[in-house]
Visitor: 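Encoded as structure tokens, here's the structure I'll be asking about.
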Amino acid sequence: MDTIQSPIVQVIGDLIRQAPGTISLGQGVVHYGPPREAIDAARAALTEPATHEYQDGMGIPILVERLTAKLKSENGIDVSRGRRVMVTAGANMAFVHAVAAITSLGDEIILPVPFYFNHEMAIEMAGCTAVRVPTDDHYQVRLDAIAAAITPRTRAIVTISPNNPSGAVFSESSLREVNALCRDRGLYHIADEVYEYFTYGSARHVSAGSFPGADAHTISMYSLSKAYGFAGWRVGYVVYPEHLASAMMKSQDTILVCPPVISQVAAAAALGAGRAYSEPHVRELAAIRDIVLEQLAALAPLAEVPAADGAFYVLLKVNLSSRATASAERSDPMAIAERLIREHKVAVIPGPAFGMTDGCYFRVAYGALQKETVAEGIGRLVTGLRRILQ
Ligand SMILES: Cc1ncc(COP(=O)(O)O)c(C=O)c1O
């Protein structure tokens, strides 16, 4: 555990608490809560004895049924054919189960950088190695780099699209290539699709699990946390090949027994409201994203923001080639993040948490706040970075 990174959101959260009035562009959460239907269903379930008992480890039937229908109609994934769907306590748990199911001590899992910190943490806690591979200037996966990183110990390649922390939406062709590479080399493709509904402009999300022949080696994970404002209810789900059924259930039964029943009842009702619930929120986020990109553009040439068409993040890159930022102290992302909080009352997450150790990067999250607050926060960020870096 000593060699595993500390949860950065908690670390930044502690700093924020010491600087009251700080606007947090840190944690990856949305500003809205669950649909009314979900709250009503949870309230009604309180008087049902079944709510208070252990239930099936895979998930309650009504939720599994709705997820199965959603996966088929929205993701092109047919779970009746050689696959299973399991409800988990969030997509983080789905990832932990997948790692436990497919690895032995000392195995390797390939993570394109930037990655989601909890993925690296889960891999290392399982006694495996997270192998970091670079992406291109737009944070798109590089198949050559991934292929070059494969060794006899490699068990899986992870893709996150839309991406946390970069906001990049991976192209369909690159996801197809990664999926085919996994098939050809006997690896699993772990596809994290937590932000599937959050795309902007012409960007479209595509599920790797829908590609022909993907069923036997693709593990796809989803969450209600973002789409339905459900983060505290802890509901996610994972689709995996039939041959992993026993291993996945061993992990689920040991860690969770069954997902919290009241949360599942609420989730089933949320699924009843469906994708339409998140659509107005995503449109609102699109407008906020425009403000974020426009305001951050003012930082050029000191810093730049590669195009990001999804999720609710941008990964800001400080241009270290400029003379002003060349000193080591001025380019240490954690030191800068601390100063931004202390002196400018705005919080962002430093790049090393996502594996961006070469250079100076910050993730800016704009999902949790109202438009005016985000604009104020980005204003503080621009002013703060200018003062600190110049
Ligand atoms: C890429 C990614 N995967 C998984 C998760 C975890 O989601 P959940 O709340 O469902 O555990 C997050 C949350 O921020 C995420 O960004």
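Along the sequence shown, residues carry numbers from 1.
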Visitor: Please list, one pair per line, the donor and acceptor atoms closer than 3.5 Å that link side chains of residues 213-220 to other protein atoms, with sequence neighbours excluded.
Guide:
{"from": "His217", "atom 1": "NE2", "to": "Asn179", "atom 2": "O", "distance (Å)": "3.0"}
{"from": "His217", "atom 1": "NE2", "to": "Asn179", "atom 2": "OD1", "distance (Å)": "3.1"}
{"from": "Thr218", "atom 1": "OG1", "to": "Asn179", "atom 2": "ND2", "distance (Å)": "3.0"}
{"from": "Thr218", "atom 1": "OG1", "to": "Ala214", "atom 2": "O", "distance (Å)": "2.7"}

Visitor: Using atom types as modelled and distance alone, determine if a side-chain donor or acceptor of Gln55 lies under 3.5 Å from a backbone N or O of Ala50.
Guide: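 A pair under 3.5 Å: yes.
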Visitor: Between Ser24 and Gly26 (side chain of the first, backbone of the second, donor and acceptor by atom type, cut-off under 3.5 Å), is there such a pair?
Guide: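 Such a contact is found between Ser24 side chain and Gly26 backbone.
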Visitor: With Pro333, which residues qualify under side-chain contact (heavy atoms from CB on, under 4.5 Å), at least two apart?
Guide: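 With sequence neighbours excluded, Pro333 shows a side-chain contact (heavy atoms from CB on, under 4.5 Å) to Pro350, Pro352, Cys360, Phe362, given in chain and number order.
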Visitor: Taking the basic N atoms (NZ, or NE/NH1/NH2) and the acidic carboxylate oxygens, is any pair closer than 4.0 Å for Arg142 and Asp136?
Guide: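 The answer is no: the pair does not qualify as a salt bridge.
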Visitor: With sequence neighbours left out, write down each residue that passes side-chain contact (heavy atoms from CB on, under 4.5 Å) with Asp290, or none if nothing qualifies.
Guide: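 Counting only residues at least two positions away or on another chain, Asp290 forms no side-chain contact (heavy atoms from CB on, under 4.5 Å).
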Visitor: Please identify each residue that fulfils ring pair (Phe, Tyr, Trp, His ring centres under 6.0 Å) with Tyr313, with sequence neighbours left out.
Guide: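 With sequence neighbours excluded, Tyr313 shows a ring pair (Phe, Tyr, Trp, His ring centres under 6.0 Å) to Tyr195, given in chain and number order.
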Visitor: To check you understand the geometry: which heavy-atom pair defines the closest contact between Ala208 and Glu193, and what is its length?
Guide: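 Scanning both residues completely, I find the closest heavy atoms to be N-OE2, 3.6 Å.
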Visitor: Considering only residues two or more places apart or on different chains, which pairs with a residue in residues 175-191 satisfy salt bridge (charged side-chain N to carboxylate O under 4.0 Å, His left out)?
Guide: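 Applying salt bridge (charged side-chain N to carboxylate O under 4.0 Å, His left out) to every pair that reaches into residues 175-191, excluding sequence neighbours, yields Glu172-Arg176.
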Visitor: Main chain of Leu315, side chain of Ser166: is a donor-acceptor contact present, judged purely on distance under 3.5 Å?
Guide: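 Not a single qualifying donor-acceptor pair exists.
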Visitor: Ring pair (Phe, Tyr, Trp, His ring centres under 6.0 Å) with Phe354: which of Phe117, Tyr139, Tyr116?
Guide: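 Only one of Phe117, Tyr139, Tyr116 forms a ring pair (Phe, Tyr, Trp, His ring centres under 6.0 Å) with Phe354, namely Phe117.
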Visitor: May I ask whether Ile349 and Leu299 are part of the same hydrophobic cluster, defined by side-chain heavy atoms of I, L, V, M, F, W, Y residues being less than 4.5 angstrom apart, directly or through others?
Guide: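 Different clusters: Ile349 never reaches Leu299 through Ile, Leu, Val, Met, Phe, Trp or Tyr contacts under 4.5 Å.
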Visitor: Around atom CG of Asp144, are there more than 12 heavy atoms of other residues, nucleotides or ligands at under 6.0 Å?
Guide: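 Above 12, so yes.
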Visitor: Is there a donor-acceptor pair under 3.5 Å between the side chain of Thr103 and the backbone N or O of Ala100?
Guide: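 No; judged by distance alone, with no hydrogens or angles, the pair does not exist.
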Visitor: Quick one: list whatever passes side-chain contact (heavy atoms from CB on, under 4.5 Å) with Lys345, sequence neighbours left out.
Guide: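 For Lys345 the side-chain contact (heavy atoms from CB on, under 4.5 Å) partners, ignoring immediate neighbours, are Ala19, Thr22, Arg380.
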Visitor: So, the side chain of Gln264 versus the backbone of Pro259: is there a donor-acceptor pair under 3.5 Å, distance only?
Guide: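 Yes, because the side chain of Gln264 sits within donor-acceptor range (under 3.5 Å) of the backbone of Pro259.
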Visitor: Take a 6.0 Å sphere around NE2 of His243 and say whether it holds more than 12 heavy atoms from other residues, nucleotides or ligands.
Guide: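 Counting neighbours around NE2 of His243, more than 12 heavy atoms of other residues, nucleotides or ligands fall under 6.0 Å, so yes.
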Visitor: Which pairs pass salt bridge (charged side-chain N to carboxylate O under 4.0 Å, His left out) with one or both residues in residues 2-30, sequence neighbours excluded?
Guide: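 Residue pairs passing salt bridge (charged side-chain N to carboxylate O under 4.0 Å, His left out), neighbours aside: Asp14-Arg17.
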Visitor: Could you pull out every donor-acceptor pair under 3.5 Å between side chains of residues 60-68 and any protein atom, sequence neighbours left out?
Guide:
{"from": "Arg66", "atom 1": "NH1", "to": "Ala268", "atom 2": "O", "distance (Å)": "2.7"}
{"from": "Thr68", "atom 1": "OG1", "to": "Val64", "atom 2": "O", "distance (Å)": "2.6"}

Visitor: Would a distance-only check, ignoring hydrogens and angles, find a side-chain to backbone donor-acceptor pair under 3.5 Å from His31 to Tyr366?
Guide: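 A pair under 3.5 Å: no.
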Visitor: If hydrophobic clusters are built by linking Ile, Leu, Val, Met, Phe, Trp and Tyr wherever their side-chain heavy atoms come under 4.5 Å apart, do Ile160 and Val9 end up in the same one?
Guide: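 Yes, it is one cluster - the side chains of Ile160 and Val9 are joined through contacts under 4.5 Å.
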Visitor: Is it the case that the side chains of Asp192 and His119 hold a donor-acceptor pair, with the cut-off being a distance below 3.5 Å and no angle test?
Guide: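 Their side chains do contain a donor-acceptor pair, which is all the 3.5 Å distance test asks for.
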Visitor: With sequence neighbours left out, what residues match Val131 under side-chain contact (heavy atoms from CB on, under 4.5 Å)?
Guide: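 Counting only residues at least two positions away or on another chain, Val131 forms a side-chain contact (heavy atoms from CB on, under 4.5 Å) with Glu108, Ile110, Thr129, Ala149.
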Visitor: Mind checking whether Leu385 and Val374 sit in one hydrophobic cluster, side chains of I, L, V, M, F, W, Y counted as touching below 4.5 Å?
Guide: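 Yes, Leu385 connects to Val374 through the hydrophobic network.
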Visitor: Checking Lys70 against Tyr237: is there a side-chain donor and acceptor pair closer than 3.5 Å?
Guide: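 Per modelled atom types, Tyr237 and Lys70 side chains form a pair under 3.5 Å.
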Visitor: Within the 4.5 Å heavy-atom criterion, are Met86 and His97 side-chain neighbours or not?
Guide: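 The answer is yes, as the side chains (C-beta and beyond) meet within the 4.5 Å cut-off.
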Visitor: Please answer: with hydrophobic residues joined when any side-chain heavy atoms are less than 4.5 Å apart, are Ile8 and Phe115 in the same cluster?
Guide: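 Yes, same cluster.
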Visitor: Could you state whether Leu25 and Leu15 fall into the same hydrophobic cluster, counting links through intermediate Ile, Leu, Val, Met, Phe, Trp or Tyr residues with side-chain heavy atoms under 4.5 angstrom apart?
Guide: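 Leu25 and Leu15: separate clusters.
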Visitor: Before giving the answer on side-chain hydrogen bond (donor to acceptor under 3.5 Å, both in side chains), spell out for Asn164 and Arg363 the whole-Å C-alpha distance, their side-chain angles and the decisive distance to 0.1 Å.
Guide: CA-CA 9 Å; Asn164 176 9; Arg363 186 189 78 176; 2.7 Å; yes
Visitor: Below 3.5 Å, can you tabulate the donor-acceptor pairs from side chains in residues 270-287 to any protein atom, sequence neighbours excluded?
Guide:
{"from": "Tyr277", "atom 1": "OH", "to": "Gly33", "atom 2": "O", "distance (Å)": "2.5"}
{"from": "Tyr277", "atom 1": "OH", "to": "Pro34", "atom 2": "O", "distance (Å)": "3.3"}
{"from": "Ser278", "atom 1": "OG", "to": "Arg275", "atom 2": "O", "distance (Å)": "3.0"}

Visitor: State which residues pass ring pair (Phe, Tyr, Trp, His ring centres under 6.0 Å) with Tyr361; sequence neighbours excluded, sorted by chain then number.
Guide: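 For Tyr361, no residue satisfies ring pair (Phe, Tyr, Trp, His ring centres under 6.0 Å) once neighbours in sequence are set aside.
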Visitor: Give a yes or no on whether the backbone of Asn163 and the side-chain of Ser161 come within a donor-acceptor separation of less than 3.5 Å.
Guide: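 Not confirmed, Ser161 side chain does not pair with Asn163 backbone.
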Visitor: If only atom types and distance count, is the side chain of Ser174 paired as donor or acceptor with the main-chain N or O of Phe170 below 3.5 Å?
Guide: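 Side chain of Ser174 to backbone of Phe170, a donor-acceptor pair under 3.5 Å: no, none is there.
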Visitor: Output, in order, the C-alpha distance, side-chain angles, deciding distance and verdict of side-chain hydrogen bond (donor to acceptor under 3.5 Å, both in side chains) for Glu74 and Tyr197.
Guide: CA-CA 10 Å; Glu74 294 182 11; Tyr197 291 169; 2.5 Å; yes
Visitor: Does atom CD of Glu343 have more than 12 heavy-atom neighbours from other groups under 6.0 Å away?
Guide: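 Enclosed: over 12 neighbouring heavy atoms sit under 6.0 Å from CD of Glu343.
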Visitor: Give a yes or no answer on whether the side chain of Gln252 reaches the backbone of Gly57 with a donor-acceptor pair at less than 3.5 Å.
Guide: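 At least one qualifying donor-acceptor pair exists.
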Visitor: Are Pro134 and Val113 packed together at the side-chain level, in the sense that at least one heavy-atom pair is separated by less than 4.5 angstrom?
Guide: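 Result no, sub-4.5 Å side-chain heavy-atom pair not found.
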Visitor: Is the backbone N or O of Leu369 less than 3.5 Å from a side-chain atom of Thr373, with the two atoms forming a donor-acceptor pair by type?
Guide: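 Not at all, since once roles are kept as given, no pair shorter than 3.5 Å links the two residues.
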Visitor: Are Ile4 and Met125 close enough that some pair of their side-chain heavy atoms sits under 4.5 Å apart?
Guide: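 Contact flag for Ile4/Met125 side chains = yes.
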Visitor: In the hydrophobic clustering that connects Ile, Leu, Val, Met, Phe, Trp and Tyr at side-chain heavy-atom distances below 4.5 Å, which members other than Tyr54 occupy its cluster, ordered by chain and number?
Guide: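 Under the 4.5 Å side-chain rule, Tyr54 groups with Val257.
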